[in-house]
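In what follows, a structure is listed as structure tokens, so that the remarks can point back to it.
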Amino acid sequence: AQRVTQPEKLLSVFKGAPVELKCNYSYSGSPELFWYVQYSRQRLQLLLRHISRESIKGFTADLNKGETSFHLKKPFAQEEDSAMYYCALKKGSGAGSYQLTFGKGTKLSVIP
Amino acid sequence: DVKVTQSSRYLVKRTGEKVFLECVQDMDHENMFWYRQDPGLGLRLIYFSYDVKMKEKGDIPEGYSVSREKKERFSLILESASTNQTSMYLCASSPRPSGSSGTQYFGPGTRLLVL
């Protein structure tokens with residue numbers, strides 16, 4: 001069975017400092033990885049997908065299959081980045097490939 | 001604009017009551033999901049549906065059932081509410097084929113308190 005681990009429940013950084021939110025996964029096949037974000041009083045929404053190799057709001061994430069990691073990074077944190085971040089895994093194909101397995105989430109707090 | 005709506009933002013129910021949570025999406029998505037979100041536990045999948053009248057158990061289906069009579073509507077039913085079902089409930093939908101993206105679109109959530 002697949003699993004997603006986010007080791008930090010809470011991460012506090014100062015404004016302007018680099019941010020790295022950790023995500024590790026276990027899955028024997030070829031997964032697709034995602035980061036979802038939930039800002040205060042807003043609905044959960046997609047931030048980025050590894051397959052798109054894009055940068056959204058200054059965030060990037062690289063899938064490292066050797067280390068089974070998909071860490072989310074941003075070089076300079078902003079106050080508006082404060083939110084709850086969830087890493088999620090989707091099976092690449094086959095039965096159940098529309099399901100997502102979520103990590104427990106990391107709350108990012110950016111200190112002014 | 002993508003839209004998933006949930007019938008209530010807040011609900012207060014008593015132990016033993018039957019509770020209905022409704023979710024509607026206007027994107028013609030085939031897949032719909034119910035999660036509960038608890039601090040420190042993240043999102044846990046209760047049930048999902050990949051087509052009308054089809055349903056599959058998720059990770060924590062005990063104490064819950066679902067109904068999908070129309071494509072746009074997915075209902076979560078608590079047959080006899082208990083205090084340990086106090087939680088935030090999130091509905092989501094996604095299109096098929098799944099290979100196109102893993103993006104799920106979420107509703108605003110229903111915060112349920114069972115007394």
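Chain identifiers are assigned alphabetically (A, B, ...) following the order of the sequence lines, protein sequences preceding nucleic acid strands; residue numbering begins at 1 within each chain.
Scanning residues 105-112 of chain A against chain B with a 4.5 Å non-hydrogen threshold yields no residues.
In this structure, B:Trp34 contributes its side chain and B:Cys23 its backbone to no donor-acceptor pair below 3.5 Å. Remark: the backbone N or O of B:Asp51 is paired with a side-chain donor or acceptor of B:Ser49 at under 3.5 angstrom.
Linking ILVMFWY side-chain heavy atoms closer than 4.5 Å, directly or via other members, places B:Leu11 and B:Phe106 in two distinct hydrophobic clusters. Each of A:Leu44 and B:Ile46 belongs to its own hydrophobic cluster when Ile, Leu, Val, Met, Phe, Trp and Tyr are linked at side-chain heavy-atom distances under 4.5 angstrom. In terms of hydrophobic clustering, with Ile, Leu, Val, Met, Phe, Trp and Tyr side chains grouped at heavy-atom distances under 4.5 Å, B:Tyr89 and B:Leu43 are assigned to different clusters.
Contacts of A:Gln38 with chain B are made by side-chain atoms alone, with heavy-atom separations under 4.5 Å and no backbone atom involved. Looking at A:Leu46, the atoms closer than 4.5 Å to chain B (heavy atoms on both sides) all sit in the side chain, from C-beta outward. Heavy-atom distances place no part of B:Glu56 under 4.5 Å from chain A, backbone and side chain included.
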Exercise. For A:Asn24 and A:Thr5, run side chain to side chain donor-acceptor pair (under 3.5 Å): C-alpha distance rounded to whole Å, both residues' side-chain angles, the deciding distance at 0.1 Å, then the answer.
Key: CA-CA 5 Å; A:Asn24 289 91; A:Thr5 302; over 6 Å; no
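Of the candidates A:Phe102, A:Phe59, A:Tyr36, A:Phe59 is the only one forming a ring pair (Phe, Tyr, Trp, His ring centres under 6.0 Å) with A:Tyr85.
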